[in-house]
Participant: 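Got a structure here, written out as structure tokens. Questions coming.
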Number of protein chains: 2
Amino acid sequence: MEPIDVFKALSNETRLNILKWLKEPEKHFPKQGAHLPKGVSVKGGVCVGDIQEKAKASQSTVSQYLNMMQNAGLLESVRYGQWTYYRRNEETLSRLAEYFKTEI
Amino acid sequence: MEPIDVFKALSNETRLNILKWLKEPEKHFPKQGAHLPKGVSVKGGVCVGDIQEKAKASQSTVSQYLNMMQNAGLLESVRYGQWTYYRRNEETLSRLAEYFKTEI
DNA sequence: TTGACATATCGTGAAAGTTCGATATATAAT
DNA sequence: ATTATATATCGAACTTTCACGATATGTCAA
């Protein structure tokens, strides 16, 4: 977890919003998990298309945003079939909060 | 305090270091307050020249960095004669920590 | 195996950030 | 007034980021 990469990822309104939306996925993405097989759940995960729709940016842009946020450690992803589900990486996020409290 | 501006300001290693250095100014800037008149103290404040020396960047760059960090709310400044003392804006910083805890 | 769909990657022009030297401004000392 | 010093601002070359359309890859269904 490189703080600078995290801060860069958070320096963009759309990306910041995505992170916030994923805090309450069921609230911001009503049709969440629609493509998942029965019995499988990606808790807190939302597929790229749903995020794109809400973010109102192009597919490539959103895909790159998500990849960047994952590299920074803010998100993690799971693939089910043709769908990639992204969710918050709460472990990194709590380490980040700790970093903030002690180092900043 | 615009979170995005804060994150942009923190997206640079030198600026991030400046913020950290100013957490313990007496440790990182031994000759701190050398120019101040007796009886006056800018608690936690360090002048631009001292910061520049430690940051190893040009005078104009450091001046701009400090100005940017002040606009983002991370720093505040006081002028004494020809010296400008910058110190952390702890009020914004604690609001920022709170923002981090509740919104991120 | 072909077609349809979700996502990832590539290439690009425009916009913004970086960092500097030169110069301006403000204050202090002579 | 002139000079010296500290800081701020300007202008410019360079790099990075932004955001997109086009295209590639991967997966499922027919």
Participant: Given atom CG of B:Asn71 and atom C1' of D:dT9, what is their separation to the nearest angstrom?
Facilitator: 13 Å
Participant: Rounding to a whole Å, what distance do you find between B:Lys8:NZ and D:dT17:P?
Facilitator: 12 Å
Participant: Decide yes or no on side-chain contact (heavy atoms from CB on, under 4.5 Å) for A:Tyr86 and A:Gln70, but give the supporting numbers first.
Facilitator: CA-CA 9 Å; A:Tyr86 281 90; A:Gln70 178 166 31; 3.7 Å; yes
Participant: Taking atom P of D:dT7 as reference, at what distance in whole Å does atom OH of B:Tyr80 sit?
Facilitator: 15 Å
Participant: May I ask you to evaluate whether A:Tyr65 reaches the phosphate of D:dA19, defined as a side-chain N or O under 4.0 Å from OP1 or OP2?
Facilitator: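 Indeed, a polar side-chain atom of A:Tyr65 lies that close.
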Participant: Tell me: CZ of A:Arg15 to C1' of D:dA19, nearest whole Å?
Facilitator: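 For the pair A:Arg15 CZ and D:dA19 C1', the rounded distance is 11 Å.
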Participant: For B:Asn67 and A:Arg79, find the nucleotide of DNA chain D closest to each by heavy atoms; which residue's nucleotide sits nearer the 5' end?
Facilitator: B:Asn67
Participant: Spell out, as yes or no, whether a donor-acceptor pair under 3.5 Å connects the side chain of A:Arg95 to the backbone of A:Ala97.
Facilitator: no
Participant: Just by distance, with hydrogens left out, do B:Ser11 and A:Ser11 show a side-chain donor and acceptor under 3.5 Å apart?
Facilitator: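 Per modelled atom types, B:Ser11 and A:Ser11 side chains form a pair under 3.5 Å.
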Participant: For a 4.5 angstrom cut-off between non-hydrogen side-chain atoms, does A:Leu22 reach A:Leu75?
Facilitator: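 Yes, close enough: below the 4.5 Å cut-off.
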Participant: Applying a strict under-4.5 Å side-chain criterion to I, L, V, M, F, W and Y, I'd like to know whether A:Phe29 and A:Leu16 cluster together.
Facilitator: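 Yes; tracing contacts between hydrophobic side chains, which count when under 4.5 Å, links both residues.
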Participant: Would you kindly compare A:Thr61 and A:Trp83 by the position of their nearest DNA chain C nucleotide and give the one closer to the 5′ end?
Facilitator: A:Trp83
Participant: Let me spell it out: for each of A:Met68 and A:Gln82, pick the nucleotide of DNA chain D with the closest heavy atom. Which residue's pick is nearer the 5' end?
Facilitator: A:Met68
Participant: What is the distance, to the nearest angstrom, from the CD atom on A:Gln64 to the P atom on D:dT17?
Facilitator: 12 Å
Participant: If the plane angle is over 60° it's perpendicular, under 30° parallel, otherwise tilted; pick one for B:Phe7 and B:Tyr99.
Facilitator: tilted
Participant: When only distance counts, do a donor and an acceptor, one from the side chain of A:Ser60 and one from the base of D:dG21, lie under 3.5 Å apart?
Facilitator: yes
Participant: Just to be sure I understand the rule, does B:Ser63 reach a base, reach only the sugar-phosphate, or reach nothing, if contact means heavy atoms closer than 4.0 Å?
Facilitator: base
Participant: Do the side chain of B:Lys54 and the main chain of B:Ile18 share a donor and acceptor less than 3.5 angstrom apart?
Facilitator: no
Participant: Earliest and latest nucleotide of DNA chain C, 5' to 3', sitting under 4.0 Å from a non-hydrogen atom of chain B?
Facilitator: C:dG17 to C:dA28
